Amino acid sequence: MVDVTPAEFEELVADALDQIPEQLGRLMRNVAVVVEEEPPEDDPELLGLYEGTPLTERGEWYTGVLPDKISVFRGPLLRMCETREEVVEEVLVTVVHEVAHHFGIDDDRLHELGWE
């Protein structure tokens with residue numbers, strides 16, 4: 001397991017968000033990205049989670065709702081990596097994966113695009 005402090009990990013998540021093309025970043029609406037130490041107990045190896053209504057499913061009814069939430073789970077990401085470089089890469093993949101869900105892209109399409 002790699003030793004990355006919570007503050008350093010949050011910075012890695014912010015760096016990953018900065019790598020999202022500006023055109024897409026501007027389209028992200030009503031979504032919060034948070035770092036959590038561990039995922040839900042029923043899925044202990046989960047790296048990230050998108051909770052909300054994808055942009056592709058929002059309609060006129062979508063007003064006054066709480067923000068969608070993207071959680072990035074520090075514990076499992078650090079446990080699966082052996083080097084800091086692996087952590088950086090896995091954080092990027094996880095952030096891109098969850099942001100893609102915000103845009104309505106499902107796991108099958110992400111796999112086709114090479115984001116596993």
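When a residue number appears, it is its place in the shown sequence, counting from 1. Note that this is a predicted model, so its numbers are computed, not measured.
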* Asked: At their closest point, which heavy atom of Glu36 faces which heavy atom of Val34, and how far apart are they?
  -> OE2-CG2, 3.8 Å
* Structure fact -> Of all heavy-atom pairs linking Glu38 and Pro76, the shortest is OE1-CD, 3.7 Å
* **Working for side-chain contact (heavy atoms from CB on, under 4.5 Å), residues Glu98 and Val72** => CA-CA 9 Å; Glu98 302 311 326; Val72 180; 5.7 Å; no
Rounded distance (nearest 0.5 Å) linking atom [atom1] of [X] with atom [atom2] of [Y]:
X	Y	atom1	atom2	answer
Asp15	Glu10	CG	CD	12.0 Å
Met1	Arg79	CE	CZ	7.0 Å
Leu55	Asn30	CG	CG	9.5 Å
Thr94	Met80	OG1	CE	7.0 Å
Ile20	Leu27	CD1	CG	11.0 Å
Arg74	Glu8	CZ	CD	9.0 Å

Side-chain contact test, heavy atoms from C-beta onward, threshold under 4.5 Å: evaluate it for [X] versus [Y] and give yes or no.
X	Y	result
Leu77	Val87	no
His101	Pro54	no
Leu46	Pro40	yes

* Structure fact -> Quick note, salt bridge (charged side-chain N to carboxylate O under 4.0 Å, His left out) partners involving residues 22-35, not counting sequence neighbours, are Glu22-Arg26
* Check the hydrophobic clustering (I, L, V, M, F, W, Y; side-chain heavy atoms under 4.5 Å; chains of links allowed) and say if Phe73 and Val95 are grouped together. => no
* Asked: Any chain of hydrophobic side-chain contacts (each under 4.5 Å) joining Val65 to Leu49?
  -> no
* Under 6.0 Å from the CG atom of Asp18, do we count more than 12 heavy atoms belonging to anything else shown? -> yes
* Parallel, tilted or perpendicular, as decided by the 30° and 60° cut-offs, for the rings of His102 and Tyr50 -> perpendicular
* Output yes when a side-chain donor or acceptor of Arg109 lies under 3.5 Å from a complementary backbone atom of Gly104, and no otherwise. => no
* Asked: Between the side chain of Arg84 and the main-chain N/O of Val2, is any donor-acceptor distance below 3.5 Å?
  -> no
